[in-house]
Amino acid sequence: MNRSLTVPLTALAPVSWGTTYAVTTVFLPPDRPLFTALLRALPAGLLLLALTRVLPRGGWWWRSVVLGALNIGAFFPLLFVSAYRLPGGTAAVVGSVQPLFVVGLSALLLGQRPAPRTLVTGVAAASGVSLVVLQGTGTLDAVGVLAAVAATASMAAGTVLTKRWGRPDGVGPPALTGWQLTAGGLLIAPLSVLAEGAPPALDARAVGGYLYLALANTAVAYWLWFRGIGRLTATQVAFLGPLSPLTAAAVGWAALGQALTPVQVAGMVLAFGATLVGQLGGGRPRSFGSTEKNGRKVSMDLMDRALRR
């Protein structure tokens with residue numbers, strides 16, 4: 001499938017994730033971030049495992065645990081802590097710093113030297129985020145802000161490692177997604193019981209919210225996300241991330257009546273504009289230590305290919 005379709009299909013994932021904050025606020029039991037993270041991850045992972053009937057082999061057992069911890073096991077609880085403690089638009093817009101994390105980790109783990117334009121747009125996005133988080137009226141919960149930043153860093157690390165390790169031969173994105181969701185859910189389960197006790201009673205409203213999170217918001221969205229990582233560069237995927245806070249802010253304003261100050265709006269415009277420019281860049285990143293041999297470029301991409309075998 002060509003890139004013109006890969007980008008919008010991948011973009012559906014962060015758009016879906018942008019609704020997480022409204023669903024959490026309106027439909028789910030209060031103050032249960034770990035239980036919510038568990039019900040979002042484990043049922044979706046088990047469903048994908050049942051559909052694909054493919055289990056990891058060899059080194060992919062520990063890789064699945066690492067990726068599951070970064071993309072799911074740490075990311076989901078931190079995400080829901082921020083969702084419970086911050087307004088949706090404010091919590092989600094912190095994710096705009098993800099391109100900076102991805103740029104740094106791509107240089108470290110993939111040997112990809114960032115273009116100056118990528119750095120400038122990443123810094124501009126982070127500056128916009130700072131305006132939203134630091135200049136808003138009222139009080140911002142420090143734990144919520146730190147949880148949102150940590151969730152973004154965890155997801156960035158998972159994105160870069162997913163790009164570096166690729167997929168085993170003959171294994172598609174649904175199976176890889178199922179491995180990570182199951183591993184992450186199993187990591188969350190004991191923490192949920194120890195920290196929050198027995199599951200709460202669920203009404204029809206909460207059941208509907210959890211079904212949406214597990215199926216559309218997680219199983220389908222992460223399948224599209226990991227599929228996109230396999231076809232786009234890690235930085236291009238990261239620059240789709242601001243679609244999540246944009247969706248969250250729009251839903252928060254339209255459905256939940258959450259107001260934004262002029263300074264916050266200006267910060268959001270700066271962050272979204274910068275990340276849009278970064279996505280439109282789309283060129284292949286340069287690699288550290290590249291040499292010329294027989295007129296052809298030899299780079300650290302060879303390492304990625306070897307790791308995928």
Side-chain angles (χ1 to χ4, degrees), residues 9-10 13-14 16-17 20 34-80 98 101-102 105-106 108-110 150-194 213-234 237-238 241 301 303-309:
L9 284 175
T10 307
S16 173
W17 298 335
T20 302
L34 291 174
F35 178 75
T36 297
L38 174 63
L39 284 198
R40 183 184 177 190
L42 192 55
L46 294 175
L47 174 62
L48 288 175
L49 286 183
L51 292 175
T52 60
R53 299 183 181 182
V54 177
L55 293 177
R57 293 182 180 179
W60 273 98
W61 282 103
W62 69 263
R63 287 181 180 180
S64 297
V65 172
V66 171
L67 294 177
L70 291 171
N71 288 322
I72 310 299
F75 175 68
F76 278 11
L78 291 168
L79 174 72
F80 283 110
Q98 183 175 330
F101 286 111
V102 169
L105 290 170
S106 293
L108 180 64
L109 298 177
L110 304 181
T152 301
S154 180
M155 185 67 170
T159 297
V160 173
L161 282 178
T162 301
K163 184 65 180 178
R164 172 169 175 168
W165 288 338
R167 298 194 308 269
D169 290 338
V171 174
L176 181 66
T177 304
W179 298 350
Q180 295 185 50
L181 287 170
T182 302
L186 291 175
L187 291 173
I188 296 169
L191 297 177
S192 175
V193 173
L194 291 174
L213 289 181
L215 297 177
N217 190 263
T218 302
V220 174
Y222 270 89
W223 169 24
L224 293 173
W225 185 252
F226 292 131
R227 176 184 172 279
I229 291 175
R231 290 166 167 79
L232 304 172
T233 69
V237 172
D301 289 340
M303 176 181 65
D304 288 340
R305 294 174 193 163
L307 286 168
R308 292 176 188 175
R309 292 173 184 163

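Numbering of residues begins at 1 and proceeds along the displayed sequence. Both backbone and side-chain heavy atoms feed into the values below; hydrogens, waters and symmetry mates do not.
L42 places a side-chain heavy atom less than 4.5 Å from the side chain of T182. The closest side-chain heavy-atom distance from M155 to N71 is below 4.5 Å. Side-chain contact between L47 and L215 is present, with at least one heavy-atom pair separated by less than 4.5 Å. Counting heavy atoms from C-beta outward, V237 and K163 have side chains that stay 4.5 Å or more apart.
In this structure, CG on L224 lies 11.5 Å from CD1 on I229, to the nearest 0.5 angstrom. Atoms CG and CZ, on L39 and F76 in that order, are 11.5 Å from each other to the nearest 0.5 Å. In this structure, T36 OG1 and L213 CG are separated by 7.5 Å, a value rounded to the nearest 0.5 Å. Note that CZ of R227 and OG1 of T177 are 11.5 Å apart. Values are rounded to the nearest 0.5 Å. Rounding to the nearest 0.5 Å gives a distance of 7.0 Å between CZ of F226 and CG of L67. With values rounded to the nearest 0.5 angstrom, R164 atom CZ is found 11.5 Å from L105 atom CG.
Counting all heavy atoms, side chain and backbone alike, A69 lies closest to L187 at CB-CD1, 3.7 Å. Of all heavy-atom pairs between L181 and G45, the closest is CB-CA, 3.5 Å. The two atoms that bring A234 and T159 nearest to each other are O-CG2, 4.4 Å, heavy atoms only. What you find for S106 and V160 is that their closest heavy atoms are OG-CG2, 3.8 Å. Closest approach of I188 and A37 over heavy atoms only: CD1-CB, 4.0 Å. Summarising the geometry of S64 relative to P56, their closest heavy-atom pair is OG-CG, 3.8 Å, with the distance given to 0.1 Å.
The cationic atom of R57 (NZ for Lys, CZ for Arg) does not lie both less than 6.0 Å from the six-membered ring centre of W60 and within 45° of the ring axis.
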Checklist line | Worked check of ring-ring contact (aromatic ring centres under 6.0 Å, His included) between F75 and Y222 | finding: CA-CA 13 Å; F75 175 68; Y222 270 89; 7.1 Å; no
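Looking only at distances, no side-chain donor or acceptor of S154 sits under 3.5 Å from a matching main-chain atom of A150. Under a 3.5 Å cut-off, the side chain of W179 and the backbone N or O of L176 do not form any donor-acceptor pair. Judged by distance alone, with hydrogens and angles left aside, the side-chain atoms of S192 form no donor-acceptor pair with the main-chain N or O of A189 at under 3.5 Å. A distance-only check finds no donor-acceptor pair linking the side chain of W225 to the backbone of P14 [under 3.5 Å].
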